[in-house]
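Down below is the structure, laid out as structure tokens.
Naming convention: chains lettered A, B, ... in sequence-line order (proteins, then strands); numbering from 1 in each chain.
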Amino acid sequence: MEFESVIGLEVHAQLKTRSKIFCSCSTSFGQEPNKNTCPVCTGMPGVLPVLNKKVVEYAVKMGLAVNCKINKYSIFARKNYFYPDLPKGYQISQYELPIAEKGYLVIQTQKGEKKIGITRIHMEEDAGKSIHGSGDGLSFVDLNRTGVPLLEIVSEPDLRSPEEAVAYLKALRSILLYLEICDGNMEEGSFRCDANISIRPRGESRFGTRTEIKNMNSFRHVQKALEYEIERQIDLVLDGKEVVQETRLYDPQKNITKSMRSKEEAHDYRYFPDPDLVPLDLEDSWIEEIRASLPELPHVRYKRFLAEYGLSEDEALTLTSEKELADFFEQSIALGVEPKKACNWILSEVLRLLNEKKIGLSQSRFTPELFFKLLGLIEKGVISGKIAKNIFEPVFMEGLDPEKYVKEKGLIQISNTGELEGIVEAILAKFPQEVERFQQGEKKLLGFFVGQVMRATQGKANPQLVNSLLLKKMG
Amino acid sequence: MKITKEEVKQIATLARLKLPEEKVEIYQKQFSAILDYMEKLKEIDTKEVNPLYSPAELKNVFREDEVKKDLDREEILKNAPKTDGEFFIVPKII
Amino acid sequence: MEILNKTLTEIRESLQKKEIGVEELIKTCLQHIANTEPKINAFITLREEEELLEEARQLDRQGPDPNQPLWGIPLGIKDVLTTKNLRTTCGSKILENFVPVYDAFVVEKLKAAGAIILGKQNMDEFAMGSSTENSAFGPTKNPWDLSRVPGGSSGGSAASVAARQCFGAIGTDTGGSIRQPASFCGLVGLKPTYGRVSRYGLIAYGSSFDQAGPLTRSVQDAALLLEVIAGHDPKDSTSLNAPVPKYSQSITSLSATKFTFGLPKEYLGEGLDPEVEKVFQSTIKLIENLGGEIKEISLPHTQYAIATYYILVMAEASSNLARFDGVRYGVRNAEAKTLKELYELSRSQGFGDEVQRRIMLGTYVLSAGYYDAYYKKAAQVRRLLSEDFVQAWKECDFILAPVSPTPAFKLGSTINDPLKMYLMDIYTTSLNLAGLPGLSLPIGLSSDNLPIGAQIIGPKLSEEKLLALASKLEEALPKLPLPPLS
């Protein structure tokens with residue numbers, strides 16, 4: 001019997017506003033415990049929430065970007081439960097009448113494009129954090145994060161595989177970054193994901209029992225957790241057992257999902273409209289203003305890159321996944337860099353350094369101008385491609401002028417035939433046996449000779465010239 | 001009785017209250033009487049009526065996205081029953 | 001002691017003219033408080049004598065400031081409003097050690113106006129009650145008869161003003177908690193339009209009902225206090241952005257009483273104590289003599305007001321009081337070893353019975369399966385009750401009503417029957433449901449020498465006219481004698 005998986009994803013995205021959603025505390029990350037707090041976000045007696053306008057703007061922006069219907073009239077509701085990191089004993093969220101509903105985004109799958117429905121988007125406040133002490137039976141509560149604005153984005157259960165789930169998350173994250181409303185950092189918690197997953201026999205239209213999977217902190221975790229869970233559910237069903245509706249945590253060490261053994265009382269959140277806040281009734285003009293401010297979205301840009309620059313699907317997808325990267329690419333082309341070259345360099349050297357240094361492009365000192373200069377040096381034969389790769393890091397990290405740097409470090413390519421000829425002849429004289437062997441047919445020894453010349457010239461010899469000189473001299 | 005003893009205990013748990021056994025029956029009687037009284041509302045036809053949750057006839061009340069700091073951490077922690085000067089401390093959350 | 005009998009307006013003039021110094025006045029107040037407190041228990045926290053006198057001396061040194069309308073005037077504040085560095089308990093054990101680090105908006109305004117805050121006054125715990133018997137700090141007694149309640153939940157404030165301990169107080173009204181104690185203690189009590197006064201720092205009981213307002217010995221006094229505390233507050237999203245009229249001036253400049261007064265037929269009938277009815281009827285005559293027109297109107301959904309009110313207010317309260325969990329402030333049970341115990345023990349021991357009752361009922365009406373039948377239904381009836389008033393304003397300018405079915409009742413007489421207590425709110429809760437302003441003023445005494453009050457209800461934001469009209473009425477009404485204890 002063949003099974004298919006049915007997956008829906010719930011994403012919580014922290015919004016990059018300066019202040020919290022209902023008070024004027026800073027949202028800055030990494031502050032000392034309880035320093036970004038005030039009576040309002042710590043739920044002191046008598047305090048009241050006041051809505052941050054930017055949060056609404058960002059919520060509408062996201063709703064429009066994923067083709068949602070924006071509910072002009074929307075209200076906030078209290079979600080009531082007790083937990084130490086929830087100071088008021090309720091979270092201000094949206095229940096009936098969320099700000100946006102019924103949208104979709106497009107992902108690329110092996111079978112082509114697929115539309116994934118978005119059920120709803122709503123605004124809510126984040127909770128604090130607790131750190132559990134070791135052995136002393138205590139927990140430590142830090143309320144800095146309480147009140148940081150979140151968008152909860154709920155997808156329809158349209159996803160059919162872990163791959164699709166990851167593609168959806170990447171696409172969603174990409175949009176959030178393009179809109180510049182979220183950092184999209186899964187490890188730091190500004191982009192969180194929970195999954196609802198069930199299986200059913202292929203062809204069956206009814207849904208199977210679903211489980212909720214939490215604690216996935218990277219795309220890789222999502223992939224692995226869902227793969228495991230699908231297998232687990234299939235095994236159960238094939239064994240004649242039933243899938244229990246429950247919440248399970250992903251354990252990255254063991255690569256399994258575990259049932260949350262702690263006694264989970266059925267949560268009755270007793271939602272009701274928050275009487276301390278008044279309804280939103282948005283003007284069409286404001287919504288249109290926000291719509292007009294939308295940048296070219298990732299999927300559209302992807303298609304345009306395919307058409308305009310003749311890139312492969314993978315290349316176009318990677319380049320457009322981050323707005324910064326795509327902007328950099330296009331700015332470089334505007335200066336004169338050849339698209340294919342720009343693409344290759346960005347996808348290899350630039351991404352490598354970004355990953356290694358764990359930074360974003362804007363945190364480097366690399367600019368399209370420097371890029372253009374660097375590639376220009378290769379084109380003019382001032383340096384070889386290899387040297388260019390060697391000097392890339394300092395140029396990238398410190399914004400050094402490549403031309404000056406090359407001169408300072410004496411890295412200018414040796415393209416003087418006469419000079420090179422001398423060196424080549426010296427090498428050939430040094431290795432007569434190898435010359436003999438080359439002439440006898442071991443053509444791959446060419447590489448050895450090139451290597452030797454490079455060694456002798458600290459890598460500065462013009463490789464094409466070296467190649468042709470060697471061939472000329474050895475026959 | 002409008003409400004059972006079991007329900008009274010369940011509600012108490014939801015509200016994080018611990019009721020001594022003697023009180024449960026008293027509350028049960030009182031709640032039942034009160035809820036009975038509230039049944040009155042069933043007499044009214046409210047089919048097309050739009051609920052009124054607050055008499056405030058306001059909409060779109062916002063503040064600008066600006067950071068303001070009034071109080072420092074010491075004052076926020078001032079009333080904490082248990083603190084180390086940085087965190088609020090509670091028994092371990094399992 | 002004669003000086004303590006002045007109204008707030010009169011003492012203000014005396015202070016401004018330097019007929020008396022602030023220090024002397026405070027000393028006199030404190031002396032009187034020391035004499036009367038053992039009998040009435042109006043205060044939960046009285047500020048330190050030395051601190052008060054030093055504050056008074058400071059003011060005397062600076063001299064009277066005509067730009068500070070409450071310069072040097074000693075006032076009291078119901079202990080439900082936060083006061084910076086001054087303990088605020090809400091009449092509850094769970095906050096018996098809570099010292100706020102911020103002032104309520106109302107308190108800020110009073111301080112800026114130069115008032116001297118004597119201390120925090122007794123109340124039913126978390127404003128839940130109509131007699132101030134639900135306080136963890138003991139009941140307050142009515143200065144008119146120490147065996148009776150002063151009303152609630154602003155009973156401490158009412159008793160204090162009536163006993164001449166202070167010249168005015170700020171209470172709060174969620175279902176009648178300013179107006180009913182005002183009527184039981186022979187005072188003027190004003191519940192403003194919902195949103196007229198900021199709720200920032202007003203420890204929430206029913207968020208869509210609560211309003212702070214003055215308890216005073218004259219209408220002019222109430223006008224002055226309202227003028228100081230009213231106004232938009234950017235920290236309160238439900239605060240109205242309407243300009244604040246100079247109530248204390250328009251009270252004399254507006255011509256009043258030539259209005260049509262509606263008498264809801266549902267309010268007059270059985271259930272009203274015959275003595276209250278008698279005094280009420282004579283007040284109606286008085287109004288007619290002053291040129292007012294009396295008209296019978298109908299508020300057809302009146303009989304549903306109490307059920308509607310209690311469902312909604314208890315639901316909101318159950319959520320508002322969830323923050324009292326022993327984690328960040330307030331009393332934490334010392335024996336609690338687990339988180340569950342921390343919550344359950346701190347809350348069960350910290351909250352009194354009435355509070356626990358309302359939290360549980362509120363939780364119930366919001367819970368899955370009951371939300372539509374209770375909470376949503378009540379909200380729909382709230383709409384109908386509000387509509388009743390909208391229709392009424394087509395027939396009349398103001399509505400005249402009793403405040404309480406009876407005068408002040410004996411201590412202990414309703415404490416074991418919560419429903420009986422709730423049913424006494426029949427004349428007051430409708431206003432809170434509709435968000436309308438209501439002013440209660442003394443209209444006479446019962447044969448037991450207990451004050452009886454009547455309320456004037458107006459459309460939203462009609463306080464200016466309401467006060468002017470009440471003032472005219474006050475002039476014409478017989479003045480109450482001093483309460484026996486004063």
Side-chain angles (χ1 to χ4, degrees), chain A residues 22-24 34 37-53 75-92 95-96 128 130 132 137-143 146 262-263 265-280, chain C residues 80-82 88 90 95 98 100-105 126 195 198-204 206-210 233-239 312 315-316 318-325 327-330 337-340 342-344 347 362-371 375-376 379:
Chain A
F22 296 119
C23 68
S24 306
N34 290 305
T37 58
C38 75
V40 178
C41 55
T42 53
M44 291 202 178
V47 299
L48 297 168
V50 184
L51 181 59
N52 181 339
K53 191 170 189 184
I75 63 175
F76 285 94
R78 293 190 185 177
K79 180 179 182 180
N80 299 280
Y81 65 96
F82 286 87
Y83 207 72
D85 67 10
L86 192 70
K88 297 188 292 294
Y90 59 85
Q91 176 197 31
I92 301 179
Y95 184 59
E96 297 172 334
S130 350
H132 309 298
L138 298 172
S139 289
F140 299 83
V141 181
D142 172 13
L143 299 178
T146 320
S262 64
K263 180 181 172 265
E265 298 144 0
H267 277 297
D268 182 356
Y269 293 121
R270 308 183 295 287
Y271 287 98
F272 71 100
D274 192 332
D276 290 333
L277 291 166
V278 299
L280 291 175
Chain C
V80 76
L81 289 155
T82 59
T88 300
C90 288
L95 286 180
F98 176 63
V101 292
Y102 46 95
D103 277 327
F105 179 85
F126 286 106
S198 166
R199 290 185 301 114
Y200 189 84
L202 198 178
I203 298 176
S207 316
S208 70
F209 299 92
D210 298 338
D233 180 9
K235 282 194 166 136
D236 175 356
S237 301
T238 59
S239 161
L312 295 170
E316 290 181 2
S318 71
S319 179
N320 284 329
L321 268 64
R323 68 188 62 195
F324 301 106
D325 55 12
V327 174
R328 289 145 293 115
Y329 46 79
K337 296 213 181 37
T338 63
L339 192 63
K340 182 170 184 282
L342 190 144
Y343 285 145
E344 288 180 354
R347 287 164 65 81
T363 304
Y364 183 79
V365 303
L366 285 175
S367 60
Y370 297 112
Y371 178 91
Y375 187 77
K376 184 165 177 199

Is it the side chain or the backbone of [X] that comes within 4.5 Å of chain A heavy atoms, both, or neither?
X: Ala368(C); result: both
X: Tyr370(C); result: neither
X: Pro100(C); result: neither
X: Asp210(C); result: neither
X: Thr82(C); result: side chain
X: Thr363(C); result: both
X: Tyr102(C); result: side chain

On a heavy-atom basis, which atom in [X] and which in [Y] lie closest, and how many Å separate them?
X: Tyr371(C); Y: Tyr271(A); answer: CE1-O, 3.2 Å
X: Asp236(C); Y: Val50(A); answer: N-CG2, 4.3 Å
X: Ala322(C); Y: Phe82(A); answer: O-CE2, 3.5 Å

Counting only heavy atoms closer than 4.5 Å, note whether Tyr269(A) contacts chain C via side chain, backbone, both or neither.
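It is neither, since no heavy atom gets under 4.5 Å.
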
Heavy-atom distance under 4.5 Å to chain C: side chain of Asn80(A), backbone, both or neither?
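Contact with chain C: side chain only.
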
Does the Ser237(C) side chain pair with the main chain of Pro49(A), one donor and one acceptor, at a distance under 3.5 Å?
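Yes; judged by distance alone, with no hydrogens or angles, the pair exists.
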
Is the backbone of Ser367(C) close enough, under 3.5 Å, to the side chain of Asp268(A) for a donor and an acceptor to pair up by distance?
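Flag not set: sc Asp268(A) to bb Ser367(C) has no pair under 3.5 Å.
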
The test is side chain to side chain contact (heavy atoms under 4.5 Å, CB included); show your working for Asp276(A) and Arg199(C) and say whether it passes.
CA-CA 9 Å; Asp276(A) 290 333; Arg199(C) 290 185 301 114; 3.0 Å; yes

Of all of Gly137(A), Gly89(A), Pro84(A), which one pairs up most often with chain C through heavy atoms under 4.5 Å apart?
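The residue among Gly137(A), Gly89(A), Pro84(A) with the greatest pair count is Pro84(A).
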
Which one wins on heavy-atom pair count under 4.5 Å against chain C: Val141(A), Val47(A), Val278(A)?
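Winner by heavy-atom pair count: Val47(A).
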
Does some side-chain heavy atom of Tyr329(C) sit less than 4.5 Å from a side-chain heavy atom of Pro87(A)?
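In short, these two side chains do not touch, never coming nearer than 4.5 Å.
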
For a 4.5 angstrom cut-off between non-hydrogen side-chain atoms, does Pro45(A) reach Phe126(C)?
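No. Closest side-chain heavy atoms not under 4.5 Å.
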
Would you kindly say whether Arg328(C) and Thr42(A) are connected by a side-chain donor-acceptor distance under 3.5 Å?
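There is no such pair between these side chains.
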
Side chain to side chain contact (heavy atoms under 4.5 Å, CB included), that's the test. Do Arg323(C) and Tyr90(A) meet it? Break it down for me.
CA-CA 8 Å; Arg323(C) 68 188 62 195; Tyr90(A) 59 85; 3.2 Å; yes

Other residues, nucleotides and ligands only: do more than 12 of their heavy atoms fall within 6.0 Å of OH on Tyr95(A)?
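Not buried by this count: 12 neighbours or fewer within 6.0 Å.
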
Output the distance between atom CG (Leu366(C)) and atom CZ (Arg78(A)), rounded to the nearest 0.5 Å.
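It comes to 10.0 Å.
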
